Structure formats: C-alpha cells, structure tokens
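For reference, the structure is listed below as structure tokens.
Both backbone and side-chain heavy atoms feed into the values below; hydrogens, waters and symmetry mates do not. Everything numeric here is computed off the predicted structure, so don't read it as measured data.
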Amino acid sequence: HFRSLKELSLVTYQPEYALPLLHALNGSRMLTKLTLLFRTNDMRASPPFSHAPMVLEAISHLPTVDSLEITFAHSYSHTDPLLPDTPPFHTQLFTQLFKLRRLRHLTLEVFFKISVTDQDLRDAADAWPDLEDIALLFIDADRFPPHSMVENVVPISLIGVQALYNGCPH
C-alpha cells in the first residue's frame, strides 16, 4: 500500500471518500507530508466537519507525517436559513493529532465551532517538541452570521501561546 509515497494532497467534497485511502496508508513509514481539503457547497451533502473525528483518527496512525494541512470547509451562504448549527469541534479531536510525534508544520483550518484551550497548547508543546510553525484558523467571521460564532468556548490566551513557544524551541 503506497510504500514509497512521501507526499499526498487530496481535495474532495466528502471526507468519507478519503477514509479508505487514509486507512490504506495506516502505519506508512515514508509519508511525511499530508494535505487534505474537504469542501462542499451542497446543502444536501453531509457537512465536512461531521467526519472530522474519523479523519483525524485515521491521520493519527501515520507516524512519519511531519507536515499536516487540513481544511474542513463548507460554502454555505450566511443568508441561507438552512445553515447548520454545528456542535463544537472539541479538544479531544484536536488532541488525536498528538500521536504525530514528528510534527513540525501544522495548519488546521475549520469553518465551524472549535474548542482549543491554553492547556491544549501546553500539551501540544509536549507532543510536538520539533514544531516549527502552527496555524489554527477558525471560522471565517465574514462569511457566517453572528449566531454561528464560537460560543461558550474557553479562548486561547497568551499563556497558552507562551507555553507553545517555550516548549517548541524551533
């Protein structure tokens, strides 16, 4: 199963289509860079974020990945009354990525509610001591109505950022 594959970029409308491929890569010893873009504008399709737990679990079994970019997005209009009221993307999902001990580059872009705390950043510093850059991009406020913004979520503060900075000397 793709024994020589070092880099993989995949764009799909539905994350469930990517799962068989990610499972086939399970335990790969060569894959170092993974870029995944899940985007849909079809209101009838299940939103990309509904499969986030399964996708992140599959990714967590790719021990040699050192560069990871993931985008879970949808292109629903903020004027559409059917805009889904999504549950928060919880810390437990983010922390699945802590199994990627070689991670040096992380970009996580999500267009839905997310909960990442200062403690998560402290834990990230412990899990990814070689981390060189991180981009956590949450909800495009210009595209979503105020009611879809993050509510009841503990924000990241400078304490968490400092812990990440101190724990990742690169």
Side-chain angles (χ1 to χ4, degrees), residues 5-19 21-22 25-26 28 30-41 47-76 86 88-144 148-150 153-158 160-170:
L5 188 65
K6 293 181 181 180
E7 295 183 14
L8 174 65
S9 295
L10 179 65
V11 177
T12 181
Y13 290 107
Q14 292 299 319
E16 65 266 28
Y17 299 151
L19 286 171
L21 177 58
L22 292 172
L25 293 169
N26 189 346
S28 169
M30 297 295 289
L31 186 67
T32 58
K33 183 175 182 180
L34 182 60
T35 303
L36 301 170
L37 170 60
F38 305 113
R39 180 179 307 273
T40 186
N41 59 2
F49 48 78
S50 64
H51 291 84
M54 292 176 284
V55 168
L56 295 178
E57 172 60 26
I59 291 169
S60 75
H61 295 285
L62 303 173
T64 56
V65 169
D66 68 7
S67 180
L68 179 62
E69 296 177 31
I70 309 172
T71 300
F72 290 101
H74 54 76
S75 300
Y76 303 133
T86 62
F89 179 90
H90 287 288
T91 295
Q92 297 88 337
L93 301 179
F94 177 71
T95 59
Q96 286 184 25
L97 298 177
F98 291 171
K99 295 175 187 174
L100 302 177
R101 305 299 286 180
R102 296 182 182 183
L103 204 60
R104 294 180 348 189
H105 310 281
L106 174 64
T107 300
L108 181 59
E109 183 177 9
V110 293
F111 286 66
F112 52 92
K113 299 173 188 176
I114 189 161
S115 173
V116 175
T117 66
D118 286 340
Q119 184 59 51
D120 295 328
L121 293 184
R122 284 190 287 274
D123 294 343
D126 291 339
W128 306 320
D130 296 325
L131 192 68
E132 295 175 16
D133 58 79
I134 185 171
L136 302 175
L137 310 167
F138 311 136
I139 298 181
D140 180 354
D142 294 332
R143 293 180 46 200
F144 292 90
S148 70
M149 296 304 293
V150 177
V153 174
V154 177
I156 295 172
S157 73
L158 289 177
V161 173
Q162 182 174 1
L164 191 60
Y165 176 79
N166 290 339
C168 302
H170 300 286

Take Asp133 and His105, measure what side chain to side chain contact (heavy atoms under 4.5 Å, CB included) needs, and give me the verdict at the end. CA-CA 5 Å; Asp133 58 79; His105 310 281; 2.5 Å; yes
Pair Leu103, Asp130 - check side chain to side chain contact (heavy atoms under 4.5 Å, CB included), show working. CA-CA 7 Å; Leu103 204 60; Asp130 296 325; over 6 Å; no
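Taking both residues in full, the closest heavy atoms of Leu8 and Leu21 are given as CD2-CD2, 3.8 Å, listed atom of the first, atom of the second, then distance. Nearest heavy atoms, Ala58 versus Leu22: CB-CB, 3.8 Å. What you find for Arg101 and Asp126 is that their closest heavy atoms are NH2-O, 3.6 Å. Between Val55 and Leu36 the shortest heavy-atom distance is CG1-CD1, 4.3 Å. Residue Ala125 comes nearest to Ala163 through the heavy atom pair CB-O, 3.6 Å, listed as atom of the first residue, atom of the second, then distance. When every heavy atom of Arg102 is checked against every heavy atom of Pro63, the shortest pair comes out as CD-O, 3.7 Å.
A side chain to side chain contact (heavy atoms under 4.5 Å, CB included) with Leu136 is found for one member of Leu121, Thr107, Asp120 and no other, namely Leu121.
The distance from the CG atom of Leu5 to the OG1 atom of Thr32 is 9.0 Å, given to the nearest 0.5 Å. Expressed to the nearest 0.5 Å, how far CD1 of Ile70 lies from CG of Leu56 amounts to 5.0 Å. For the atom pair Ile59 CD1 and Lys99 NZ, the distance stands at 12.0 Å (nearest 0.5 Å). Atom CG of Leu25 and atom CG of Leu31 lie 6.0 Å apart (nearest 0.5 Å). Summarising the geometry, atom CG belonging to Leu10 is positioned 8.5 Å from atom CG belonging to Leu37; distances are rounded to the nearest 0.5 Å.
Every residue two or more places apart in sequence or in another chain that forms a salt bridge (charged side-chain N to carboxylate O under 4.0 Å, His left out) with Arg104 is listed here: Glu132. In this structure, Glu7 has no salt bridge (charged side-chain N to carboxylate O under 4.0 Å, His left out) partners at least two apart in sequence or on a different chain.
Within the 3.5 Å criterion, the main-chain N or O of Leu100 finds a donor-acceptor partner in the side chain of Trp128.
Using modelled atom types and a 3.5 Å distance limit, the side chains of Glu109 and Thr71 yield a donor-acceptor pair.
Within a 6.0 Å sphere centred on NZ of Lys33, heavy atoms belonging to other residues, nucleotides or ligands number 12 at most.
When side chains are defined from C-beta on, Leu34 does not count as touching Glu69, because their heavy atoms never get closer than 4.5 Å.
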